[in-house]
Amino acid sequence: RIWSWQLLGVLSACAMGMLWLWAPGAGPGRALAAPAAVANADRVWSSEEWKAVGGRDAKRPEVPWIAALFDDNHPIARGPVCGGTFISNQVVLTAAHCVISDLRCDDPPRTGSLRVMYGGVDLRLPMRSIGVRQVHLPKGGYGCGGNRVNDIALLELEAPADVTAVMPLVDPQRDAQRPGGGHGTLSVTGWGVSAAGGVHRQVLQLVPDVPLGDVGVCNGPAMLNGRAPPGILCAGALNKAACKGDSGGPLFHRAANGAVEQHGVVSQGSGCGAQNLPTVYTRVGPHVVWAKSVAYAVACFTPPGKPMK
C-alpha cells in the first residue's frame, strides 16, 4: 500500500511536469514551484575573471532561465565556455559544439568536467553551480567537424536546480510555417566577448532588436560559402550580433506583455557584427518534440541527484 502511494505521487508529479512542459509560456519565463531540497545537490561558486555585441547589461528578473556552462578542464577559458537555457529544472538547452570538440569528433560528449552555473547575471557575484550527468544529442546526430548540422544539445543535470522559471520553446508548427515565428527582430544574450579578440564580459549582455535575415546571407561567400546546414536561422546586423563565448545561448522573442519563447541557439558566425555579418543560429522548432520528450523522461524516470563534493 505504501508503494502504491509512492507510485501515485510519482505519476502525479510527472503529470504536472507534462502540463508545464507542453503549456504555452507566459511572462519572462514559465514559473516553477520551488523544487524539493536535495542535500548538497549544488554549491555556491564565484568567478574572479571572467558581450554579445551591441547589448546592455541584463537584469536578473529578465532572464531567470539563463545558464552559464563552465568546463573545469578547459585549457584556456577563464570564464564560461558557452551559454544555455533551462527548459526544465533539470535540463539545459545549449549547442552541441559546446560539449563535443570539432577537433575530436570521435570522443564522447564531455560530462565529468562540465558545470552549469545559474541564478545570476554577474559572474563576479556568487552563483549556484551543479554538475552535468548526461549529454543528449538530437536524432540524426551532430555534424561535428563539418557544417555543424543539428548544433543543439541537452544537458541533463545531476539533480534538479532551484530555478524560478524555465524558457518556453517556440511552437514547432508555427515555426515550420514561419521560421523565427514571423518576428522581424529577436533578442540574444551571452557572456561572450564584445568584439573579435576581446575579453569575456563579467555581466550577461542582452542584445535586443536583432534583425532576422535571409539564410542566403549566412550561406554567402563571406560566411559559410555554400556550406550552410539545414535548420538554421540567420540573424544580426552591424554591431548587433553574437560573438565568441555566446555559443549555446538563446535567440528569443519577447512580446509586449513580457512573454518569451526561444527560436534559436547560437551556433557560429564571423566578425562579431563588425562587418555587418549576421550570426548563424540552430533553429529550435524542429527539435522541440525531442527536447520536451527528454525533459519529461528526466523528470519522471531518473534517480535522485547524487551529492556534490
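- Partners of Arg60 according to the side-chain hydrogen bond (donor to acceptor under 3.5 Å, both in side chains) rule, which considers only residues two or more places apart in sequence or in another chain, do not exist here.
- Between Asp71 and Leu114, some side-chain heavy-atom pair lies under the 4.5 Å cut-off.
- Side-chain contact between Tyr281 and Thr279 is present, with heavy atoms from C-beta onward closer than 4.5 Å.
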Distance-only donor-acceptor pairs under 3.5 Å for side chains of residues 215-224, two or more places apart:
| unit_1 | atom_1 | unit_2 | atom_2 | d |
| --- | --- | --- | --- | --- |
| Asn219 | OD1 | Gly226 | N | 3.0 |
| Asn219 | OD1 | Arg227 | N | 3.1 |
| Asn219 | OD1 | Ala228 | N | 2.8 |

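- Between the Gln205 side chain and the Gly190 main chain, no donor and acceptor come within less than 3.5 Å of each other.
- No donor-acceptor pair under 3.5 Å is formed between the side chain of Arg254 and the backbone N or O of Ser187.
- Each of Val63, Val260, Val92 was checked for a side-chain contact (heavy atoms from CB on, under 4.5 Å) with Met167, and the lone residue meeting it is Val260.
- Under the 4.5 Å side-chain criterion, counting only non-hydrogen atoms from C-beta, Thr189 is not in contact with Val207.
- Under the side-chain hydrogen bond (donor to acceptor under 3.5 Å, both in side chains) criterion, Asp175 pairs with Arg283, sequence neighbours left out.
- Residues satisfying the side-chain hydrogen bond (donor to acceptor under 3.5 Å, both in side chains) criterion with Gln262, sequence neighbours excluded, are Thr85.
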Check the pair Asp151 / Ser267 against side chain to side chain donor-acceptor pair (under 3.5 Å), numbers first and verdict last. CA-CA 6 Å; Asp151 190 9; Ser267 177; 2.7 Å; yes
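- When all heavy atoms are compared, the tightest approach of Asn150 to Gly141 is ND2-O, 2.9 Å.
- Residues passing the ring-ring contact (aromatic ring centres under 6.0 Å, His included) test with His253, sequence neighbours excluded: His183.
- Considering every non-hydrogen atom in both Cys98 and Thr94, the closest pair reads SG-OG1, 3.8 Å.
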Could you please spell out the steps behind the side-chain contact (heavy atoms from CB on, under 4.5 Å) verdict for Leu155 and Val91? CA-CA 5 Å; Leu155 309 180; Val91 175; over 6 Å; no
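- Closest non-hydrogen pair, Ile66 versus Gly120, comes out as CG2-O, 4.1 Å.
- Listed by chain and residue number, His136, Glu156 satisfy the side chain to side chain contact (heavy atoms under 4.5 Å, CB included) test with Gln134 (two or more places apart in sequence, or in another chain).
- Remark: Glu62 engages Arg56 in a salt bridge, criterion side-chain N to carboxylate O under 4.0 Å.
- Counting heavy atoms from C-beta outward, Leu157 and Val132 have side chains that approach closer than 4.5 Å.
- Checked by atom type and distance alone, the side chain of Trp191 never pairs as donor or acceptor with a backbone atom of Leu123 at under 3.5 Å.
- With sequence neighbours excluded, the residues satisfying side chain to side chain contact (heavy atoms under 4.5 Å, CB included) with Leu212 are Leu186, Leu233, Ala235.
- For His287, there are no side-chain hydrogen bond (donor to acceptor under 3.5 Å, both in side chains) partners two or more places apart in sequence or in a different chain.
- Closest of all the heavy-atom pairs between Pro160 and Gln90 is CG-OE1, 3.6 Å.
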